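On a predicted model such as this, the values are computed, not experimentally measured, just so you know.
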Amino acid sequence: MESQTISIVGLGYVGLCTGVGFASKGFSVIMVDNDPKKVTAVTKGIPPFHEPDLEKLLQEGIKSGLLKATLDIEQAIKNTDVTFITVGTPSNPDGSIDLKQIKSCATEISKALAKKDKYHLIIVKSTVVPGTTENIVKPLLEKYSNKKAGSGFGLCMNPEFLREGSAIFDTLHPDRIVIGENDKESGNLLHAMYQELYGKTTPFVRTNLPTAELIKYANNAFLATKISYINTIANICEKIPSTDITVVSQGLGFDQRINPQFLRAGIGYGGSCFPKDVNALIAMADQVGYSAILLKDVQEVNENQAKHTVEIVQKILGELVGKRIAILGLAFKPDTDDMREARSIPIINELLNKGATITAYDPIAHSSAFSVFGNKINYVNSAISCLKDADCCILVTEWNEFKHLKPDDFKKHMKQPILIDGRRIYNPTEYRKKIQFEAIGLGPIP
Ligand code: NAD
């Protein structure tokens with residue numbers, strides 16, 4: 001069987017990484033976005049955001065001719081067999097998801113399908129609440145195409161689980177593939193495509209459309225719950241002398257029923273997915289008549305971690321007016337320049353409200369951080385310049401290069417060497433010998 005040709009609508013993290021992933025395995029891919037700047041950059045092999053290995057694979061794909069980018073969705077549909085929808089689904093102010101991009105994209109695809117005779121498979125990969133593919137995307141696709149899902153075109157929902165910062169690796173090595181299918185033929189076609197991409201050892205879960213949609217939310221809500229759980233235990237540690245959450249986590253993580261991942265205490269989760277997806281699941285559950293109290297608490301614990309971090313600073317420094325705080329790391333996690341829901345945002349805003357001045361350093365996120373903070377904070381070009389004359393330092397993002405800093409770096413450059421480790425990357429015994437060291441989940445010295 002000849003490989004399916006693929007189009008992808010929406011060149012964000014998911015769309016672009018999916019596109020280069022397929023092209024790296026020999027598939028021909030046309031990528032579509034309605035942002036001309038993105039399309040121009042991608043056509044030149046320049047990724048619009050930072051992601052390890054993305055630039056290399058993108059350039060290889062463009063050079064080989066397997067990857068193309070365009071603004072023209074009609075041509076992309078006409079010249080391919082399969083289309084992935086990977087547009088954004090941001091939050092509305094009430095926490096529910098905003099389906100504007102999904103609706104406009106489904107409408108454009110539907111109009112393009114009207115001009116095509118051949119069978120075409122549409123796959124919703126964006127994260128959407130249960131019922132969206134069946135009740136919103138499907139009717140829109142049928143409306144302008146004058147075709148029926150299941151006969152005129154195929155339809156699947158295939159949630160994406162990649163992590164920013166390791167998006168290419170995750171795209172090429174998924175733990176499993178979830179396929180929600182409108183009909184067997186659609187599911188079989190997508191299944192065969194993925195087996196060609198990943199071989200036969202990757203597990204598949206085949207189900208209906210709303211179950212596939214719910215799996216994505218249940219997955220992210222579970223991981224967020226794990227983080228808020230360990231942060232709750234971390235906050236208890238801080239009240240009990242001589243305890244340390246990192247050791248507690250180790251003790252838990254060896255239990256195979258628990259496992260060590262997502263048991264790292266800190267200033268909380270951020271990013272474009274966890275906060276948005278947990279909020280959307282809460283809002284959807286409310287709508288269908290169930291108050292998801294566990295998930296509401298998960299969000300509240302997460303919000304409180306940022307406030308709690310500022311309280312630790314205040315407890316040490318007292319009045320913050322005129323105090324200079326060094327912030328190491330701005331992006332929501334290492335290896336990305338994504339600032340969406342980054343924990344640096346509530347922490348810095350709270351410190352600014354209390355009159356502190358902020359000097360910040362992030363290895364790559366300054367330009368995306370500038371669109372959040374503008375000139376309200378000072379940006380410097382190295383960790384050491386960030387520490388210069390600071391009254392206190394908060395480690396916000398656990399970039400690898402920060403792991404190499406030694407207690408003497410803080411002692412030598414800061415006005416007073418006070419470090420708050422918000423991501424638990426430093427050894428408390430080593431640091432407490434030389435500087436004032438506090439950390440999330442670290443009990444007081446007895
Ligand atoms: P993004 O916001 O980074 O990118 C979306 C892209 O879609 C933008 O480039 C935008 O210009 C484009 N777009 C919007 N409407 C369009 C239209 N009508 N035609 C063509 N292009 C259009 O999004 P993202 O972070 O890649 O996320 C996409 C989806 O995948 C979301 O539902 C998200 O929740 C989900 N998801 C994201 C991640 C992640 O780590 N970012 C992981 C898993 C799932």
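When the options F332, Y269, Y217 are evaluated for a ring pair (Phe, Tyr, Trp, His ring centres under 6.0 Å) with F274, the one that passes is Y269. The side chain to side chain donor-acceptor pair (under 3.5 Å) test with E213 is passed by exactly one of T132, T207, T133: T133.
Not counting sequence neighbours, the partners of N92 by the side-chain hydrogen bond (donor to acceptor under 3.5 Å, both in side chains) test are S96. Applying the side-chain hydrogen bond (donor to acceptor under 3.5 Å, both in side chains) criterion to S371, with sequence neighbours excluded, gives no partner residue.
A 4.5 Å side-chain heavy-atom check between C237 and V248 finds at least one atom pair inside the cut-off. In this structure, the side chains of R424 and D244 come closer than 4.5 Å at one or more pairs of heavy atoms. Looking only at side-chain heavy atoms (C-beta outward), I227 and L223 stay at 4.5 Å or farther from each other. Within the 4.5 Å cutoff, side-chain heavy atoms of Q305 are placed close to those of N235. Using a 4.5 Å heavy-atom cutoff, the side chains of L172 and S24 are in contact.
In terms of modelled atom types and a separation under 3.5 Å, the side chain of S186 and the main chain of L155 share a donor-acceptor contact. No side-chain donor-acceptor contact under 3.5 Å links T397 to the backbone of W399. A donor-acceptor pair under 3.5 Å is absent between the side-chain atoms of T359 and the main chain of C386, judged by distance alone. Using a distance-only test at 3.5 Å, with no hydrogens or angles considered, a donor-acceptor pair links the side chain of S110 to the main chain of L141. In terms of modelled atom types and a separation under 3.5 Å, the side chain of H308 and the main chain of N304 share no donor-acceptor contact. For the pair D421 (side chain) and Y426 (backbone), a donor-acceptor distance under 3.5 Å is present. Judged by distance alone, with hydrogens and angles left aside, the side-chain atoms of N158 form no donor-acceptor pair with the main-chain N or O of K125 at under 3.5 Å.
Look at K333 and D338 and you find no salt bridge, because none of the NZ, NE, NH1 or NH2 atoms lies under 4.0 Å from a carboxylate O. Ion pairing between R206 and E181 holds under the 4.0 Å rule for side-chain N and carboxylate O.
Ring pair H366/Y379 is tilted by interplanar angle, where 30° to 60° counts as tilted. The aromatic rings of Y194 and F204 lie tilted to each other, with the angle between the two planes from 30° to 60°.
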May I have the step-by-step check of salt bridge (charged side-chain N to carboxylate O under 4.0 Å, His left out) for D183 and K148, ending in yes or no? CA-CA 12 Å; D183 54 279; K148 283 271 160 228; over 6 Å; no
